Protein chains: 2
Amino acid sequence: MISTKGDYGVRALIDLAVHAGEGPVQRADIASRRHISESYLDHLLAQLRRDGFIRSTRGPGGGHELAKPAADLCLLHVLESLEGSLAPIGCVHEDSADDEHDPLCGQQWVWRELYDGMRERLAEISVAELVEREQAREQAIAPSYSI
Amino acid sequence: MISTKGDYGVRALIDLAVHAGEGPVQRADIASRRHISESYLDHLLAQLRRDGFIRSTRGPGGGHELAKPAADLCLLHVLESLEGSLAPIGCVHEDSADDEHDPLCGQQWVWRELYDGMRERLAEISVAELVEREQAREQAIAPSYSI
DNA sequence: ACAATGCTGACCAAGTTGGTCGAGAATAAC
DNA sequence: GTTATTCTCGACCAACTTGGTCAGCATTGT
């Protein structure tokens with residue numbers, strides 16, 4: 001349900017958040033720091049750009065930047081941009097009204113309950129929080145780490 | 001994350017639960033009542049049999065039956081049987097210890113949180129509950145329905 | 001002008017999904 | 001013990017998704 005698309009895309013946003021304020025970050029840097037194929041990353045960045053999460057500039061010194069503060073980027077929107085619907089199964093859609101039942105899918109309420117639960121959790125988590133957690137982890141592993 | 005495998009498999013179990021106590025239920029009946037391809041259903045029943053959810057008998061008058069009361073069949077186990085791991089992403093496994101991190105997947109805690117949340121919910125729902133809800137829905141739609 | 005950088009779309013191999021099909025095995029009824 | 005019924009198992013298949021590569025173009029700083 002969440003493929004490497006979402007995983008990699010989130011990693012890329014974290015990278016941009018970590019290096020926010022240092023000017024555009026280049027594709028190649030993100031790719032090497034986050035262990036993502038450079039050309040694959042292209043497609044993910046394109047999607048993130050289309051949905052307004054990042055801003056990109058071309059030419060020498062160009063690169064990618066967050067379009068908004070990391071605290072305003074919630075995981076739900078990012079993942080839905082990258083993955084399409086997070087619905088656990090076809091018959092449940094975000095925008096389906098309550099009375100719009102697939103008559104063959106009597107278990108819809110179960111899938112919807114799962115779906116809603118997931119989306120609620122994801123809506124509470126921002127990219128900024130992921131950055132904090134990552135930095136806490138780095139501290140724990142290598143307290144003297146710095147560049 | 002949940003494909004028609006899980007969906008169809010659950011439908012089949014509901015069908016068996018509804019007709020429990022009436023002797024073996026035949027593949028063809030399940031398939032037609034629940035709108036599943038008969039030969040595809042074969043594979044799902046095979047899996048459910050392997051994992052001890054149902055019992056099957058061959059020959060005329062044969063068919064399939066629940067191996068335990070419907071109240072004892074929780075959705076979590078059924079779905080994990082049919083779908084394999086329900087993990088939303090590769091780096092999270094049910095049996096991975098807390099200190100077993102993929103060093104490249106710093107966001108593991110997010111996926112794990114989602115995963116654990118889902119599994120908790122699914123563990124609380126039994127096939128019996130699905131049957132009750134289905135019957136409640138039938139009442140609501142066609143109060144005079146009976147066979 | 002040229003080099004650095006992003007942008008885009010075509011293409012591809014491998015795996016998954018949702019099936020179909022056919023040969024065979026068990027068993028109840030005759 | 002033959003036959004009809006029913007499940008069992010494995011091979012096969014088309015369509016789609018995933019995770020990627022690649023070439024060529026667009027933009028822009030120097």
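Just so we're on the same page: letters track the sequence lines, and every chain starts at 1. Just so you know, these numbers come straight off a predicted model, no measurement behind them.
A straight line from CD of A/Gln47 to P of D/dT18 spans 13 Å, rounded to a whole angstrom. Whole-Å rounding puts the B/Arg55 CZ to D/dC7 P distance at 15 Å. A/Tyr8 has its OH atom 10 Å from the C1' atom of D/dG20, to the nearest Å. Taking atom CG on A/Leu44 and atom P on D/dG20, their separation rounds to 9 Å, with Å as the unit.
In terms of position along DNA chain C, the nucleotide closest to A/Pro60 lies nearer the 5' end than the nucleotide closest to the other residue of the pair A/His43 and A/Pro60. The 5' end of DNA chain D is approached more closely, in terms of each residue's nearest nucleotide, by A/Ile36 than by the other of A/Ile36 and A/Thr57. A residue-by-residue look at A/Arg27 and B/Ser37 shows that A/Arg27 has its nearest nucleotide of DNA chain C further toward the 5' end. A residue-by-residue look at A/Gly59 and A/Thr4 shows that A/Thr4 has its nearest nucleotide of DNA chain D further toward the 5' end.
A 4.5 Å side-chain heavy-atom check between B/His64 and B/Leu16 finds at least one atom pair inside the cut-off. A heavy-atom distance below 4.5 Å is not found between the side chains of A/Leu41 and A/Tyr8.
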Pair A/Met118, A/Arg121 - check side-chain contact (heavy atoms from CB on, under 4.5 Å), show working.
CA-CA 5 Å; A/Met118 266 188 18; A/Arg121 282 164 177 261; 5.9 Å; no
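In the model, A/Ser3 has a side-chain atom that pairs as donor or acceptor with a side-chain atom of A/Glu83 under 3.5 Å.
Although no hydrogens or angles enter the test, the distance criterion places no donor-acceptor pair under 3.5 Å between the side chain of B/Thr4 and the main chain of B/Asp7. Looking at A/Arg11, its side chain does come within 3.5 Å of a backbone N or O of A/Arg34 through a donor-acceptor pair.
Of all nucleotides in DNA chain C, those with any atom nearer than 4.0 Å to a heavy atom of chain B start and finish, going 5' to 3', at C/dT17 to C/dA28.
When distances are taken from the side chain of B/Arg49 to each of D/dC9, D/dT27, D/dC22, the shortest belongs to D/dC9.
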